Structures are given as C-alpha cells and as structure tokens.
Amino acid sequence: MDLDELAIHVAEIDQRSKSNTHRLNEVSEKIDTLQRLTTAVEVMAMEQKHQTDTMEEIKTDVTNLGQKVDVIEKKPGRRWDNMVGYVLSALAAGMIAFLLGRIGL
C-alpha cells in the first residue's frame, strides 16, 4: 500500500469515526430520554399506588360513617317501638285490672 492509498484509507477511517461518534451521541441522548421516561413512569406508579391506598382509606371511612348513620337513624324508631309497647302494655294491664275489678277480684 502506498502513501496515497494509506491517506485515503485514513480519511475513510476518520469519516467512519466521525459518523460513529455522531451515532453514539444520538444513542446517548436517547438513553437519557429513556431514563427520564423510566423515572417519570416510576413516579406515576408510586402516585397511583398512593391514590389507590387513599381511596381504600376513604372507602373504609365512608363505610364506617354509613354504619354510624344507620345506628343514628334507627335510634328514634326503636324509641318509638318501645313507647308503643309500653302504652299497649299499660292499656292491657288497665283492661285486665278493670275486668278483674268488675268480676270482684
């Protein structure tokens, strides 16, 4: 190989080297972008998990609140039922006392 061929060969190698450097720079930028995307997805996954956990807590709180409301709503009904029972018992006792008094006991 003479000097001219060697110069051409070195120029080709230099050109390939520049092309490869450019390609490596592009790949490096893509890797950086991919790393940022991966980090963003990880953050989003953590936020989603936090939101899911929060929703479960809210669901539990709403269920507990619903049970407490049921107890509060039923309380006046139970009082009324007890009151009606007492009144009917008093009326029945009065009727029995009246009948026993009429027959002389």
Side-chain angles (χ1 to χ4, degrees):
M1 192 184 286
D2 65 356
L3 196 56
D4 288 334
E5 289 175 344
L6 190 57
I8 292 171
H9 191 63
V10 168
E12 288 173 354
I13 292 172
D14 188 45
Q15 186 63 28
R16 260 190 266 146
S17 174
K18 289 178 183 178
S19 175
N20 288 341
T21 300
H22 178 69
R23 290 173 59 199
L24 284 173
N25 289 340
E26 287 179 357
V27 168
S28 178
E29 289 174 8
K30 289 179 181 180
I31 288 173
D32 289 343
T33 301
L34 184 59
Q35 286 176 336
R36 285 193 306 272
L37 178 62
T38 302
T39 301
V41 169
E42 288 174 351
V43 169
M44 286 173 47
M46 288 173 44
E47 288 177 359
Q48 180 68 33
K49 183 180 181 326
H50 177 70
Q51 288 176 354
T52 301
D53 292 345
T54 301
M55 289 304 294
E56 288 299 320
E57 290 173 10
I58 291 172
K59 191 175 182 181
T60 301
D61 290 346
V62 168
T63 301
N64 291 340
L65 184 61
Q67 291 170 347
K68 290 176 182 179
V69 167
D70 287 343
V71 168
I72 291 170
E73 286 178 341
K74 290 176 183 176
K75 199 170 194 177
R78 284 194 308 265
R79 285 184 185 160
W80 176 253
D81 289 343
N82 289 340
M83 180 84 75
V84 169
Y86 297 146
V87 168
L88 291 177
S89 295
L91 287 174
M95 292 282 285
I96 291 172
F98 175 75
L99 289 174
L100 288 175
R102 289 296 248 176
I103 61 172
L105 291 177

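These figures come from a predicted structure and were not determined experimentally.
When hydrophobic residues (I, L, V, M, F, W, Y) are linked wherever their side-chain heavy atoms come within less than 4.5 Å, the members clustered with V27 are I31. Here V43 sits alone; no ILVMFWY side chain lies under 4.5 Å from its own, so it joins no hydrophobic cluster. Listed by chain and number, the hydrophobic cluster partners of V62 are M55, I58, where partners are ILVMFWY side chains within reach of under 4.5 Å, directly or through others. Through ILVMFWY side-chain contacts below 4.5 Å, Y86 is grouped with nothing and stands alone.
Every residue two or more places apart in sequence or in another chain was checked for a salt bridge (Lys or Arg N to Asp or Glu O under 4.0 Å) with K30, and none qualifies. For R78, the side chain to side chain contact (heavy atoms under 4.5 Å, CB included) partners are K74, K75, not counting sequence neighbours. For L100, the side chain to side chain contact (heavy atoms under 4.5 Å, CB included) test picks out I96, I103, L105, with sequence neighbours left out. Residues that satisfy the side chain to side chain contact (heavy atoms under 4.5 Å, CB included) test with D4, not counting sequence neighbours, are D2.
The side chain to side chain donor-acceptor pair (under 3.5 Å) pairs that include a residue from residues 49-61 are K49-D53, where partners are two or more places apart or lie in different chains. Residue pairs meeting the side chain to side chain donor-acceptor pair (under 3.5 Å) criterion with at least one partner in residues 31-43, sequence neighbours excluded, are T33-R36. A side chain to side chain donor-acceptor pair (under 3.5 Å) check over residues 12-23, counting only residues at least two apart or in different chains, returns the pairs H22-E26.
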Show, in sequence, the C-alpha distance, side-chain angles and deciding distance for R79 and N82, and conclude whether the side chain to side chain contact (heavy atoms under 4.5 Å, CB included) test is met. CA-CA 5 Å; R79 285 184 185 160; N82 289 340; 5.7 Å; no
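A distance of 8.5 Å separates CG in L91 from CE in M95, rounded to the nearest 0.5 Å.
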